[in-house]
Protein chains: 2
Amino acid sequence: MTEVHKAGSCRTIKASCSDCSLSSLCLPLAVQAEDLDRLDEIIKQGQRVEKGQHLFRSGDEFKAIYAVRTGAIKTYSITPSGEEQINGFYLPGEIMGMDGINTNHHVNSAKALESTTVCEVPFNRLEELTKVLPGLQRHFFQMMSKEIREEQQLIMLLAKKNAEERIASLLLSISTRNGRRRLSTTAFRLPMTRVEIGNYLGLAVETVSRVLTRFQKQGILAVESKEVRINDYQKLCQIATIQEG
Amino acid sequence: MTEVHKAGSCRTIKASCSDCSLSSLCLPLAVQAEDLDRLDEIIKQGQRVEKGQHLFRSGDEFKAIYAVRTGAIKTYSITPSGEEQINGFYLPGEIMGMDGINTNHHVNSAKALESTTVCEVPFNRLEELTKVLPGLQRHFFQMMSKEIREEQQLIMLLAKKNAEERIASLLLSISTRNGRRRLSTTAFRLPMTRVEIGNYLGLAVETVSRVLTRFQKQGILAVESKEVRINDYQKLCQIATIQEG
DNA sequence: CGGATAGTTGACGATAATCAAGCTATGTGG
DNA sequence: CCACATAGCTTGATTATCGTCAACTATCCG
(Lines give C-alpha, C1' and ligand atoms only; values in the text may rest on other atoms or scores of the structure.)
Protein backbone atom coordinates (compact mmCIF):
# COMPACT_ATOMS: atom_id res chain seq x y z
CA MET A 1 0.00 0.00 0.00
CA THR A 2 2.81 2.38 0.82
CA GLU A 3 5.01 1.24 -2.00
CA VAL A 4 7.24 3.56 -3.96
CA HIS A 5 6.07 2.65 -7.46
CA LYS A 6 5.12 5.52 -9.68
CA ALA A 7 1.40 5.21 -10.26
CA GLY A 8 1.42 7.28 -13.41
CA SER A 9 3.89 5.42 -15.54
CA CYS A 10 2.89 2.64 -17.87
CA ARG A 11 6.37 1.24 -18.04
CA THR A 12 6.82 0.22 -14.42
CA ILE A 13 5.61 -3.26 -13.61
CA LYS A 14 3.09 -2.84 -10.86
CA ALA A 15 3.51 -4.83 -7.69
CA SER A 16 0.03 -4.16 -6.41
CA CYS A 17 -3.47 -3.81 -7.73
CA SER A 18 -4.05 -1.05 -5.20
CA ASP A 19 -1.70 1.18 -7.16
CA CYS A 20 -3.44 0.56 -10.44
CA SER A 21 -5.50 3.33 -11.92
CA LEU A 22 -7.97 0.76 -13.17
CA SER A 23 -8.69 -0.84 -9.79
CA SER A 24 -12.18 0.60 -9.70
CA LEU A 25 -13.10 -1.22 -12.93
CA CYS A 26 -11.18 -4.42 -12.53
CA LEU A 27 -11.06 -7.43 -10.24
CA PRO A 28 -10.17 -5.44 -7.09
CA LEU A 29 -13.61 -3.91 -6.97
CA ALA A 30 -14.90 -7.21 -5.64
CA VAL A 31 -12.36 -7.43 -2.87
CA GLN A 32 -12.03 -5.65 0.46
CA ALA A 33 -8.97 -3.43 0.78
CA GLU A 34 -7.44 -5.70 3.39
CA ASP A 35 -7.75 -8.73 1.11
CA LEU A 36 -6.11 -7.06 -1.87
CA ASP A 37 -2.74 -8.55 -0.96
CA ARG A 38 -4.08 -12.02 -1.52
CA LEU A 39 -5.22 -11.04 -4.98
CA ASP A 40 -1.84 -9.42 -5.62
CA GLU A 41 -0.09 -12.62 -4.68
CA ILE A 42 -1.63 -14.60 -7.48
CA ILE A 43 -1.70 -11.96 -10.22
CA LYS A 44 1.18 -11.64 -12.62
CA GLN A 45 1.23 -7.99 -13.59
CA GLY A 46 2.35 -6.12 -16.62
CA GLN A 47 2.76 -8.84 -19.23
CA ARG A 48 3.54 -7.24 -22.58
CA VAL A 49 1.90 -8.34 -25.81
CA GLU A 50 3.15 -6.63 -28.94
CA LYS A 51 0.82 -5.53 -31.72
CA GLY A 52 -0.25 -8.50 -33.82
CA GLN A 53 0.91 -11.06 -31.26
CA HIS A 54 -1.34 -13.59 -29.62
CA LEU A 55 -2.15 -13.64 -25.93
CA PHE A 56 -3.56 -17.10 -26.45
CA ARG A 57 -4.78 -19.14 -29.37
CA SER A 58 -7.76 -21.34 -29.93
CA GLY A 59 -6.89 -24.77 -28.58
CA ASP A 60 -4.39 -23.51 -25.99
CA GLU A 61 -4.85 -24.87 -22.51
CA PHE A 62 -7.02 -22.57 -20.43
CA LYS A 63 -4.87 -21.45 -17.51
CA ALA A 64 -5.67 -17.86 -16.73
CA ILE A 65 -7.95 -14.94 -17.31
CA TYR A 66 -6.54 -11.55 -18.23
CA ALA A 67 -7.18 -7.94 -17.34
CA VAL A 68 -6.18 -5.45 -20.00
CA ARG A 69 -3.99 -2.67 -18.53
CA THR A 70 -3.10 -0.67 -21.61
CA GLY A 71 -3.71 -1.16 -25.32
CA ALA A 72 -6.46 -3.28 -26.81
CA ILE A 73 -7.17 -6.93 -27.56
CA LYS A 74 -9.53 -8.61 -29.99
CA THR A 75 -10.89 -12.10 -29.49
CA TYR A 76 -11.93 -14.13 -32.48
CA SER A 77 -12.71 -17.60 -33.63
CA ILE A 78 -12.40 -19.23 -37.00
CA THR A 79 -15.59 -20.11 -38.84
CA PRO A 80 -16.05 -23.54 -40.45
CA SER A 81 -15.17 -21.94 -43.78
CA GLY A 82 -11.91 -20.62 -42.40
CA GLU A 83 -12.76 -16.96 -41.94
CA GLU A 84 -12.02 -14.95 -38.85
CA GLN A 85 -14.98 -13.93 -36.71
CA ILE A 86 -14.22 -11.26 -34.15
CA ASN A 87 -16.46 -11.54 -31.13
CA GLY A 88 -15.08 -8.92 -28.83
CA PHE A 89 -12.81 -5.93 -28.39
CA TYR A 90 -11.27 -5.47 -24.93
CA LEU A 91 -10.05 -2.13 -23.63
CA PRO A 92 -8.12 -1.27 -20.46
CA GLY A 93 -9.90 -2.32 -17.27
CA GLU A 94 -11.81 -5.09 -19.01
CA ILE A 95 -11.46 -8.77 -18.14
CA MET A 96 -11.16 -11.38 -20.84
CA GLY A 97 -10.29 -14.98 -21.55
CA MET A 98 -13.19 -16.65 -19.77
CA ASP A 99 -14.09 -18.74 -22.75
CA GLY A 100 -12.59 -22.14 -22.30
CA ILE A 101 -13.62 -22.70 -18.70
CA ASN A 102 -15.94 -25.24 -20.18
CA THR A 103 -13.45 -27.40 -22.01
CA ASN A 104 -10.25 -26.35 -20.26
CA HIS A 105 -9.08 -25.12 -23.63
CA HIS A 106 -9.59 -21.74 -25.20
CA VAL A 107 -12.13 -21.69 -27.98
CA ASN A 108 -11.18 -18.22 -29.11
CA SER A 109 -7.88 -16.66 -29.97
CA ALA A 110 -6.81 -13.31 -28.54
CA LYS A 111 -4.59 -10.92 -30.45
CA ALA A 112 -3.24 -7.49 -29.56
CA LEU A 113 -4.51 -4.67 -31.75
CA GLU A 114 -1.65 -2.49 -30.55
CA SER A 115 1.12 -2.81 -27.99
CA THR A 116 -0.68 -4.02 -24.93
CA THR A 117 -0.01 -4.89 -21.32
CA VAL A 118 -2.17 -7.33 -19.41
CA CYS A 119 -2.35 -8.75 -15.91
CA GLU A 120 -2.56 -12.53 -15.85
CA VAL A 121 -4.74 -14.20 -13.22
CA PRO A 122 -4.20 -17.97 -12.93
CA PHE A 123 -7.64 -19.47 -12.90
CA ASN A 124 -7.14 -22.36 -10.50
CA ARG A 125 -5.68 -20.04 -7.87
CA LEU A 126 -8.49 -17.57 -8.45
CA GLU A 127 -10.94 -20.41 -8.02
CA GLU A 128 -9.41 -21.29 -4.64
CA LEU A 129 -9.52 -17.68 -3.62
CA THR A 130 -13.23 -17.48 -4.40
CA LYS A 131 -13.83 -19.99 -1.64
CA VAL A 132 -12.19 -17.73 0.95
CA LEU A 133 -13.26 -14.31 -0.27
CA PRO A 134 -17.04 -14.21 -0.35
CA GLY A 135 -17.37 -11.27 -2.71
CA LEU A 136 -15.14 -12.76 -5.33
CA GLN A 137 -17.17 -15.78 -6.41
CA ARG A 138 -20.24 -13.68 -6.96
CA HIS A 139 -18.22 -11.07 -8.77
CA PHE A 140 -16.91 -13.77 -11.00
CA PHE A 141 -20.37 -15.01 -11.84
CA GLN A 142 -21.28 -11.43 -12.51
CA MET A 143 -18.44 -10.96 -14.94
CA MET A 144 -19.52 -14.00 -16.91
CA SER A 145 -23.10 -12.94 -16.91
CA LYS A 146 -22.00 -9.50 -18.09
CA GLU A 147 -20.17 -11.21 -20.92
CA ILE A 148 -23.36 -13.04 -21.83
CA ARG A 149 -25.38 -9.86 -21.84
CA GLU A 150 -22.89 -8.04 -24.00
CA GLU A 151 -23.02 -10.83 -26.50
CA GLN A 152 -26.79 -10.60 -26.48
CA GLN A 153 -26.45 -6.94 -27.36
CA LEU A 154 -24.32 -7.92 -30.30
CA ILE A 155 -26.84 -10.56 -31.35
CA MET A 156 -29.58 -7.96 -31.27
CA LEU A 157 -27.47 -5.60 -33.28
CA LEU A 158 -26.72 -8.21 -35.91
CA ALA A 159 -30.26 -9.51 -36.11
CA LYS A 160 -32.12 -6.22 -36.19
CA LYS A 161 -29.95 -3.25 -37.05
CA ASN A 162 -28.82 -1.87 -40.38
CA ALA A 163 -25.31 -0.71 -41.23
CA GLU A 164 -25.68 2.84 -39.86
CA GLU A 165 -27.20 1.66 -36.61
CA ARG A 166 -24.48 -0.92 -36.12
CA ILE A 167 -21.66 1.52 -36.59
CA ALA A 168 -23.29 4.17 -34.43
CA SER A 169 -23.72 1.56 -31.70
CA LEU A 170 -20.09 0.51 -31.79
CA LEU A 171 -18.85 4.09 -31.64
CA LEU A 172 -21.11 4.80 -28.67
CA SER A 173 -19.97 1.65 -26.92
CA ILE A 174 -16.34 2.67 -27.22
CA SER A 175 -17.25 6.18 -26.14
CA THR A 176 -18.96 4.90 -22.98
CA ARG A 177 -16.11 2.57 -22.13
CA ASN A 178 -13.65 5.43 -22.50
CA GLY A 179 -15.82 7.45 -20.17
CA ARG A 180 -15.47 4.78 -17.48
CA ARG A 181 -11.74 5.31 -17.60
CA ARG A 182 -12.24 9.07 -17.35
CA LEU A 183 -11.10 9.59 -20.91
CA SER A 184 -12.87 11.73 -23.44
CA THR A 185 -16.17 10.30 -24.65
CA THR A 186 -16.16 12.45 -27.75
CA ALA A 187 -12.62 12.23 -29.10
CA PHE A 188 -10.65 9.03 -29.22
CA ARG A 189 -8.57 6.73 -31.34
CA LEU A 190 -10.07 3.52 -32.67
CA PRO A 191 -7.69 0.68 -31.88
CA MET A 192 -9.04 -1.51 -34.68
CA THR A 193 -8.95 -1.32 -38.46
CA ARG A 194 -11.98 -0.82 -40.70
CA VAL A 195 -11.73 -4.44 -41.73
CA GLU A 196 -11.98 -5.47 -38.08
CA ILE A 197 -14.94 -3.20 -37.50
CA GLY A 198 -16.68 -4.73 -40.48
CA ASN A 199 -15.85 -8.23 -39.41
CA TYR A 200 -17.20 -7.63 -35.92
CA LEU A 201 -20.38 -5.92 -37.11
CA GLY A 202 -21.10 -8.30 -39.98
CA LEU A 203 -20.48 -5.70 -42.67
CA ALA A 204 -18.14 -5.35 -45.64
CA VAL A 205 -15.22 -2.94 -45.22
CA GLU A 206 -16.58 -0.79 -47.99
CA THR A 207 -19.83 -0.37 -46.10
CA VAL A 208 -18.00 0.68 -42.95
CA SER A 209 -16.04 3.22 -44.92
CA ARG A 210 -19.11 4.58 -46.65
CA VAL A 211 -21.11 4.94 -43.46
CA LEU A 212 -18.25 6.76 -41.75
CA THR A 213 -17.95 9.26 -44.58
CA ARG A 214 -21.73 9.66 -44.63
CA PHE A 215 -21.70 10.46 -40.89
CA GLN A 216 -18.88 12.88 -41.55
CA LYS A 217 -20.78 14.66 -44.31
CA GLN A 218 -23.77 14.97 -42.01
CA GLY A 219 -21.57 16.61 -39.40
CA ILE A 220 -22.07 13.84 -36.87
CA LEU A 221 -18.45 12.77 -36.84
CA ALA A 222 -15.03 14.03 -37.76
CA VAL A 223 -12.93 11.08 -38.82
CA GLU A 224 -9.20 11.32 -39.51
CA SER A 225 -8.01 7.77 -40.21
CA LYS A 226 -8.37 6.14 -36.76
CA GLU A 227 -9.03 9.33 -34.83
CA VAL A 228 -12.70 9.95 -34.25
CA ARG A 229 -14.44 13.01 -32.87
CA ILE A 230 -18.14 12.80 -32.13
CA ASN A 231 -19.64 16.18 -32.98
CA ASP A 232 -23.31 15.32 -32.57
CA TYR A 233 -23.62 12.84 -29.74
CA GLN A 234 -27.40 13.17 -29.59
CA LYS A 235 -27.82 12.36 -33.24
CA LEU A 236 -25.52 9.36 -32.95
CA CYS A 237 -27.59 7.99 -30.06
CA GLN A 238 -30.72 8.50 -32.11
CA ILE A 239 -29.28 6.56 -35.02
CA ALA A 240 -28.00 3.78 -32.78
CA THR A 241 -31.30 3.06 -31.11
CA ILE A 242 -34.29 4.03 -33.16
CA GLN A 243 -33.27 5.06 -36.68
CA GLU A 244 -36.75 4.96 -38.15
CA GLY A 245 -39.16 3.55 -35.58
CA MET B 1 -33.36 -45.10 -6.85
CA THR B 2 -35.89 -47.81 -6.07
CA GLU B 3 -38.86 -45.47 -5.97
CA VAL B 4 -42.22 -46.35 -7.46
CA HIS B 5 -42.67 -43.36 -9.72
CA LYS B 6 -43.44 -44.12 -13.30
CA ALA B 7 -40.49 -42.89 -15.25
CA GLY B 8 -42.40 -42.62 -18.48
CA SER B 9 -45.24 -40.35 -17.47
CA CYS B 10 -45.05 -36.60 -17.78
CA ARG B 11 -47.81 -35.99 -15.29
CA THR B 12 -46.20 -37.38 -12.17
CA ILE B 13 -44.22 -34.85 -10.22
CA LYS B 14 -40.79 -36.35 -9.74
CA ALA B 15 -39.42 -36.57 -6.23
CA SER B 16 -35.86 -37.22 -7.29
CA CYS B 17 -33.46 -36.22 -10.01
CA SER B 18 -32.18 -39.78 -10.01
CA ASP B 19 -35.46 -40.93 -11.51
CA CYS B 20 -35.37 -38.36 -14.26
CA SER B 21 -34.68 -39.53 -17.76
CA LEU B 22 -32.72 -36.35 -18.37
CA SER B 23 -30.28 -36.77 -15.49
CA SER B 24 -27.41 -37.50 -17.83
CA LEU B 25 -27.84 -34.10 -19.50
CA CYS B 26 -28.86 -31.97 -16.58
CA LEU B 27 -27.42 -30.77 -13.29
CA PRO B 28 -27.04 -34.28 -11.78
CA LEU B 29 -24.20 -35.04 -14.13
CA ALA B 30 -21.96 -32.87 -12.00
CA VAL B 31 -22.86 -34.60 -8.76
CA GLN B 32 -21.86 -37.93 -7.26
CA ALA B 33 -24.70 -40.38 -6.85
CA GLU B 34 -24.47 -40.17 -3.06
CA ASP B 35 -24.86 -36.39 -3.14
CA LEU B 36 -27.90 -36.38 -5.36
CA ASP B 37 -30.20 -36.16 -2.35
CA ARG B 38 -28.80 -32.78 -1.46
CA LEU B 39 -29.55 -31.53 -4.92
CA ASP B 40 -33.02 -33.02 -4.70
CA GLU B 41 -33.64 -31.17 -1.48
CA ILE B 42 -33.32 -27.77 -3.05
CA ILE B 43 -34.92 -28.44 -6.42
CA LYS B 44 -38.61 -27.83 -6.94
CA GLN B 45 -39.63 -30.32 -9.56
CA GLY B 46 -42.31 -30.37 -12.18
CA GLN B 47 -43.47 -26.76 -12.32
CA ARG B 48 -45.96 -26.36 -15.17
CA VAL B 49 -45.86 -23.43 -17.57
CA GLU B 50 -48.68 -23.32 -20.10
CA LYS B 51 -48.12 -22.33 -23.71
CA GLY B 52 -47.71 -18.59 -24.04
CA GLN B 53 -47.13 -18.06 -20.32
CA HIS B 54 -44.03 -16.53 -18.83
CA LEU B 55 -41.61 -18.39 -16.62
CA PHE B 56 -40.08 -15.05 -15.74
CA ARG B 57 -40.06 -11.58 -17.22
CA SER B 58 -37.39 -9.01 -17.79
CA GLY B 59 -37.00 -7.06 -14.56
CA ASP B 60 -38.17 -9.90 -12.30
CA GLU B 61 -35.95 -10.62 -9.35
CA PHE B 62 -33.44 -13.32 -10.16
CA LYS B 63 -34.11 -16.17 -7.76
CA ALA B 64 -33.61 -19.43 -9.57
CA ILE B 65 -32.32 -21.16 -12.63
CA TYR B 66 -34.48 -23.66 -14.47
CA ALA B 67 -34.05 -27.02 -16.12
CA VAL B 68 -36.54 -27.78 -18.87
CA ARG B 69 -38.18 -31.19 -18.35
CA THR B 70 -40.69 -31.29 -21.19
CA GLY B 71 -41.82 -28.77 -23.77
CA ALA B 72 -39.80 -25.79 -24.92
CA ILE B 73 -38.98 -22.26 -23.76
CA LYS B 74 -37.81 -19.19 -25.63
CA THR B 75 -35.87 -16.39 -24.00
CA TYR B 76 -36.04 -12.93 -25.46
CA SER B 77 -35.37 -9.31 -24.71
CA ILE B 78 -36.97 -6.18 -26.04
CA THR B 79 -34.92 -3.97 -28.32
CA PRO B 80 -34.76 -0.20 -27.78
CA SER B 81 -37.31 0.18 -30.56
CA GLY B 82 -39.70 -2.16 -28.78
CA GLU B 83 -39.31 -5.29 -30.87
CA GLU B 84 -38.81 -8.75 -29.48
CA GLN B 85 -35.38 -10.31 -29.93
CA ILE B 86 -35.26 -14.03 -29.26
CA ASN B 87 -31.85 -15.11 -28.05
CA GLY B 88 -32.38 -18.73 -27.22
CA PHE B 89 -34.60 -21.78 -27.51
CA TYR B 90 -34.39 -24.28 -24.65
CA LEU B 91 -35.36 -27.92 -25.02
CA PRO B 92 -35.70 -30.68 -22.39
CA GLY B 93 -32.51 -31.30 -20.42
CA GLU B 94 -31.23 -27.76 -20.98
CA ILE B 95 -30.57 -25.27 -18.21
CA MET B 96 -31.69 -21.68 -18.52
CA GLY B 97 -32.25 -18.46 -16.63
CA MET B 98 -28.64 -17.61 -15.85
CA ASP B 99 -28.95 -14.11 -17.20
CA GLY B 100 -29.54 -11.80 -14.28
CA ILE B 101 -26.84 -13.16 -11.98
CA ASN B 102 -25.13 -9.91 -12.70
CA THR B 103 -27.84 -7.51 -11.64
CA ASN B 104 -29.97 -9.80 -9.48
CA HIS B 105 -32.74 -9.14 -11.94
CA HIS B 106 -33.54 -11.00 -15.13
CA VAL B 107 -32.61 -9.14 -18.27
CA ASN B 108 -34.51 -11.51 -20.51
CA SER B 109 -38.01 -12.82 -20.43
CA ALA B 110 -38.78 -16.52 -20.77
CA LYS B 111 -41.97 -17.77 -22.40
CA ALA B 112 -43.26 -21.30 -23.01
CA LEU B 113 -43.59 -22.23 -26.68
CA GLU B 114 -45.84 -25.11 -25.72
CA SER B 115 -47.02 -26.66 -22.47
CA THR B 116 -43.84 -27.09 -20.52
CA THR B 117 -42.62 -28.44 -17.22
CA VAL B 118 -39.48 -27.16 -15.55
CA CYS B 119 -37.47 -27.88 -12.42
CA GLU B 120 -36.70 -24.77 -10.42
CA VAL B 121 -33.33 -24.50 -8.70
CA PRO B 122 -33.10 -21.64 -6.18
CA PHE B 123 -29.84 -19.88 -6.94
CA ASN B 124 -28.74 -18.90 -3.45
CA ARG B 125 -29.13 -22.47 -2.22
CA LEU B 126 -27.32 -23.77 -5.28
CA GLU B 127 -24.54 -21.28 -4.58
CA GLU B 128 -24.18 -22.64 -1.04
CA LEU B 129 -24.15 -26.15 -2.36
CA THR B 130 -21.31 -25.31 -4.73
CA LYS B 131 -19.13 -24.66 -1.72
CA VAL B 132 -19.70 -28.20 -0.41
CA LEU B 133 -19.84 -30.19 -3.61
CA PRO B 134 -16.60 -29.63 -5.46
CA GLY B 135 -17.84 -30.73 -8.87
CA LEU B 136 -20.79 -28.40 -8.83
CA GLN B 137 -19.07 -25.02 -8.89
CA ARG B 138 -16.96 -25.99 -11.85
CA HIS B 139 -19.97 -27.44 -13.59
CA PHE B 140 -21.72 -24.18 -13.06
CA PHE B 141 -18.91 -22.20 -14.57
CA GLN B 142 -18.98 -24.65 -17.41
CA MET B 143 -22.67 -24.12 -18.03
CA MET B 144 -22.18 -20.38 -18.24
CA SER B 145 -19.22 -20.71 -20.49
CA LYS B 146 -21.23 -23.08 -22.67
CA GLU B 147 -23.89 -20.39 -22.87
CA ILE B 148 -21.26 -17.91 -23.99
CA ARG B 149 -19.99 -20.22 -26.68
CA GLU B 150 -23.45 -20.91 -27.99
CA GLU B 151 -24.07 -17.23 -28.28
CA GLN B 152 -20.83 -16.88 -30.16
CA GLN B 153 -22.08 -19.48 -32.60
CA LEU B 154 -25.16 -17.36 -33.11
CA ILE B 155 -23.06 -14.24 -33.57
CA MET B 156 -21.01 -16.01 -36.22
CA LEU B 157 -24.16 -17.18 -37.92
CA LEU B 158 -25.64 -13.70 -37.97
CA ALA B 159 -22.44 -11.98 -39.06
CA LYS B 160 -21.35 -14.36 -41.78
CA LYS B 161 -24.09 -16.70 -42.98
CA ASN B 162 -26.83 -16.17 -45.54
CA ALA B 163 -30.45 -17.20 -45.13
CA GLU B 164 -30.03 -20.81 -46.28
CA GLU B 165 -27.01 -21.39 -44.09
CA ARG B 166 -28.77 -19.93 -41.07
CA ILE B 167 -31.81 -22.12 -41.42
CA ALA B 168 -29.79 -25.24 -42.14
CA SER B 169 -27.75 -24.52 -39.00
CA LEU B 170 -30.80 -24.14 -36.81
CA LEU B 171 -32.35 -27.35 -38.08
CA LEU B 172 -29.11 -29.22 -37.45
CA SER B 173 -28.82 -27.76 -33.98
CA ILE B 174 -32.27 -28.98 -33.07
CA SER B 175 -31.51 -32.32 -34.65
CA THR B 176 -28.37 -32.73 -32.55
CA ARG B 177 -30.09 -31.72 -29.37
CA ASN B 178 -32.85 -34.23 -30.04
CA GLY B 179 -30.19 -36.85 -30.52
CA ARG B 180 -28.85 -36.18 -27.04
CA ARG B 181 -32.24 -37.09 -25.67
CA ARG B 182 -32.23 -40.26 -27.78
CA LEU B 183 -34.96 -38.93 -30.03
CA SER B 184 -34.90 -39.03 -33.79
CA THR B 185 -32.36 -36.71 -35.36
CA THR B 186 -34.13 -36.77 -38.70
CA ALA B 187 -37.83 -36.38 -37.87
CA PHE B 188 -39.13 -33.97 -35.29
CA ARG B 189 -41.59 -31.24 -34.55
CA LEU B 190 -40.41 -27.63 -34.40
CA PRO B 191 -41.69 -26.09 -31.17
CA MET B 192 -41.48 -22.55 -32.55
CA THR B 193 -43.34 -20.68 -35.27
CA ARG B 194 -41.82 -19.39 -38.50
CA VAL B 195 -41.99 -15.88 -37.11
CA GLU B 196 -39.94 -16.98 -34.13
CA ILE B 197 -37.40 -18.73 -36.34
CA GLY B 198 -37.06 -15.57 -38.39
CA ASN B 199 -36.75 -13.40 -35.34
CA TYR B 200 -34.04 -15.61 -33.87
CA LEU B 201 -32.08 -15.87 -37.11
CA GLY B 202 -32.42 -12.24 -38.13
CA LEU B 203 -34.61 -13.00 -41.15
CA ALA B 204 -38.08 -12.00 -42.30
CA VAL B 205 -40.79 -14.67 -41.98
CA GLU B 206 -41.18 -14.74 -45.72
CA THR B 207 -37.55 -15.61 -46.16
CA VAL B 208 -37.83 -18.49 -43.67
CA SER B 209 -40.82 -19.80 -45.52
CA ARG B 210 -39.18 -19.51 -48.91
CA VAL B 211 -36.00 -21.24 -47.80
CA LEU B 212 -37.95 -24.10 -46.29
CA THR B 213 -39.91 -24.66 -49.47
CA ARG B 214 -36.71 -24.40 -51.49
CA PHE B 215 -35.12 -27.10 -49.33
CA GLN B 216 -38.24 -29.16 -49.79
CA LYS B 217 -38.14 -28.83 -53.57
CA GLN B 218 -34.50 -29.88 -53.53
CA GLY B 219 -35.45 -33.01 -51.59
CA ILE B 220 -33.42 -32.05 -48.56
CA LEU B 221 -36.42 -31.73 -46.26
CA ALA B 222 -40.01 -32.76 -46.00
CA VAL B 223 -41.91 -30.07 -44.15
CA GLU B 224 -45.51 -30.45 -43.03
CA SER B 225 -46.35 -27.35 -40.99
CA LYS B 226 -44.18 -27.82 -37.89
CA GLU B 227 -43.20 -31.40 -38.60
CA VAL B 228 -39.80 -31.67 -40.24
CA ARG B 229 -38.11 -34.68 -41.77
CA ILE B 230 -34.50 -34.36 -42.85
CA ASN B 231 -34.10 -36.43 -45.99
CA ASP B 232 -30.59 -35.41 -46.95
CA TYR B 233 -28.65 -34.88 -43.77
CA GLN B 234 -25.33 -34.68 -45.62
CA LYS B 235 -26.53 -31.94 -47.90
CA LEU B 236 -27.95 -29.97 -44.99
CA CYS B 237 -24.58 -30.13 -43.20
CA GLN B 238 -22.89 -28.96 -46.34
CA ILE B 239 -25.20 -25.99 -46.64
CA ALA B 240 -24.85 -25.13 -42.97
CA THR B 241 -21.08 -24.99 -42.95
CA ILE B 242 -19.59 -24.20 -46.30
CA GLN B 243 -22.22 -23.26 -48.85
CA GLU B 244 -19.82 -21.90 -51.41
CA GLY B 245 -16.33 -21.87 -49.94
C1' DC C 1 12.10 4.85 -52.03
C1' DG C 2 9.12 1.17 -53.06
C1' DG C 3 6.17 -2.39 -51.64
C1' DA C 4 2.56 -3.57 -48.70
C1' DT C 5 -1.26 -2.62 -45.96
C1' DA C 6 -5.22 0.23 -45.00
C1' DG C 7 -8.81 3.08 -46.54
C1' DT C 8 -11.93 5.41 -49.95
C1' DT C 9 -15.04 5.77 -53.81
C1' DG C 10 -17.86 4.31 -57.77
C1' DA C 11 -20.54 1.05 -60.61
C1' DC C 12 -23.21 -2.95 -60.54
C1' DG C 13 -25.70 -6.88 -58.94
C1' DA C 14 -27.60 -10.15 -55.59
C1' DT C 15 -29.83 -11.23 -51.56
C1' DA C 16 -33.25 -10.53 -48.58
C1' DA C 17 -36.85 -7.00 -46.88
C1' DT C 18 -41.16 -5.08 -47.77
C1' DC C 19 -45.72 -4.95 -49.53
C1' DA C 20 -49.70 -7.34 -50.85
C1' DA C 21 -52.69 -11.16 -51.35
C1' DG C 22 -54.32 -15.55 -50.59
C1' DC C 23 -54.18 -19.85 -48.29
C1' DT C 24 -54.39 -23.14 -44.22
C1' DA C 25 -54.70 -24.55 -39.87
C1' DT C 26 -56.47 -23.83 -35.10
C1' DG C 27 -59.68 -22.85 -31.95
C1' DT C 28 -63.99 -20.60 -30.17
C1' DG C 29 -68.73 -19.79 -29.70
C1' DG C 30 -73.22 -20.44 -31.41
C1' DC D 1 -70.64 -29.94 -35.18
C1' DC D 2 -70.23 -26.28 -38.15
C1' DA D 3 -69.04 -21.37 -39.15
C1' DC D 4 -66.33 -17.94 -38.49
C1' DA D 5 -62.34 -15.46 -36.71
C1' DT D 6 -57.66 -15.40 -36.01
C1' DA D 7 -53.10 -16.61 -36.15
C1' DG D 8 -49.77 -18.91 -38.88
C1' DC D 9 -47.90 -19.83 -43.28
C1' DT D 10 -46.95 -19.40 -48.29
C1' DT D 11 -46.23 -17.12 -52.66
C1' DG D 12 -45.48 -13.35 -55.95
C1' DA D 13 -43.92 -8.67 -57.29
C1' DT D 14 -41.09 -4.92 -56.25
C1' DT D 15 -37.56 -2.40 -53.88
C1' DA D 16 -33.58 -1.26 -50.99
C1' DT D 17 -29.66 -2.31 -48.72
C1' DC D 18 -25.55 -4.07 -48.71
C1' DG D 19 -21.88 -7.01 -50.92
C1' DT D 20 -18.76 -7.64 -54.68
C1' DC D 21 -15.55 -6.08 -58.07
C1' DA D 22 -12.43 -2.70 -59.43
C1' DA D 23 -9.57 1.27 -59.39
C1' DC D 24 -7.39 4.56 -56.95
C1' DT D 25 -5.23 7.10 -52.82
C1' DA D 26 -3.02 7.39 -48.38
C1' DT D 27 -0.18 5.58 -44.94
C1' DC D 28 3.10 2.75 -42.87
C1' DC D 29 7.59 0.50 -42.50
C1' DG D 30 11.82 -1.51 -43.55
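Fair warning: this is a prediction, and the values are worked out from it, not measured in the lab. Each chain gets a letter, A, B and so on, in the order the sequences are listed, and its residues count up from 1. In what follows, every heavy atom counts, from backbone to side chain, and hydrogens, waters and symmetry copies are set aside.
For the pair A:E114 CD and D:dC29 C1', the interatomic distance rounds to 18 Å; values are reported in whole Å. At whole-Å resolution of the value, CD in B:E196 and C1' in D:dG8 are 11 Å apart.
Sorted by first then second residue, the ring pair (Phe, Tyr, Trp, His ring centres under 6.0 Å) pairs that include residues 147-171 of chain B, not counting sequence neighbours, number zero. The salt bridge (Lys or Arg N to Asp or Glu O under 4.0 Å) contacts involving residues 210-219 of chain A comprise A:E164-A:R214, where partners must be two or more places apart or lie in separate chains. Residue pairs that meet the salt bridge (Lys or Arg N to Asp or Glu O under 4.0 Å) test with at least one member in residues 92-103 of chain B, sequence neighbours left out, are B:E94-B:R177.
Between C:dT18, D:dT20, C:dA16, one nucleotide has an atom nearer to the side chain of B:A204 than all others, and that is C:dT18. For A:T193, counting side-chain heavy atoms from C-beta on, the closest listed nucleotide (C:dG7, D:dC18, D:dT10) is C:dG7.
Rounded to 10 degrees, the angle separating the terminal helix axes of the helix from C:dC1-D:dG30 to C:dG30-D:dC1, each built from five base pairs, is 40°.
Residue B:I220 forms a side chain to side chain contact (heavy atoms under 4.5 Å, CB included) with just one option from B:I239, B:L212, B:L171, and that option is B:I239.
For the salt bridge (Lys or Arg N to Asp or Glu O under 4.0 Å) test, no residue two or more places apart in sequence or in another chain qualifies with A:E120. Taking A:K146 as the reference, A:E150 meet the salt bridge (Lys or Arg N to Asp or Glu O under 4.0 Å) condition, with sequence neighbours excluded. Contacts of B:F188 classified as ring-ring contact (aromatic ring centres under 6.0 Å, His included), with partners at least two apart in sequence or in another chain: none. Residues that satisfy the salt bridge (Lys or Arg N to Asp or Glu O under 4.0 Å) test with A:E227, not counting sequence neighbours, are A:R189. With sequence neighbours left out, A:R57 forms a salt bridge (Lys or Arg N to Asp or Glu O under 4.0 Å) with no residue at all.
With no hydrogens or angles considered, no side-chain donor-acceptor pair links A:Q53 and A:K111 at under 3.5 Å.
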Could you list the donor-acceptor pairs under 3.5 angstrom formed between side-chain atoms of residues 190-206 of chain B and any protein atom two or more places apart in sequence or on another chain?
residue: B:T193; atom: OG1; partner: B:V195; partner atom: N; Å: 3.4
residue: B:T193; atom: OG1; partner: B:E196; partner atom: N; Å: 3.1
residue: B:T193; atom: OG1; partner: B:E196; partner atom: OE1; Å: 3.4
residue: B:R194; atom: NH1; partner: B:S225; partner atom: O; Å: 3.4
residue: B:R194; atom: NH2; partner: B:S225; partner atom: O; Å: 2.8
residue: B:E196; atom: OE1; partner: B:T193; partner atom: N; Å: 2.9
residue: B:E196; atom: OE2; partner: B:K74; partner atom: NZ; Å: 2.9
residue: B:N199; atom: OD1; partner: B:I86; partner atom: N; Å: 2.8
residue: B:N199; atom: ND2; partner: B:E84; partner atom: O; Å: 2.8

Give every pair of a protein N or O atom and an N or O atom of nucleotides 23-25 of chain D that lie under 3.5 Å apart, one pair per line with the distance.
none

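Only B:E206, B:T207, B:R210, listed by number, bring a heavy atom of residues 205-229 of chain B to less than 4.0 angstrom from any atom of DNA chain C.
Within 4.0 Å of B:G202, counting heavy atoms only, lie sugar-phosphate atoms of the nucleic acid but no base atom.
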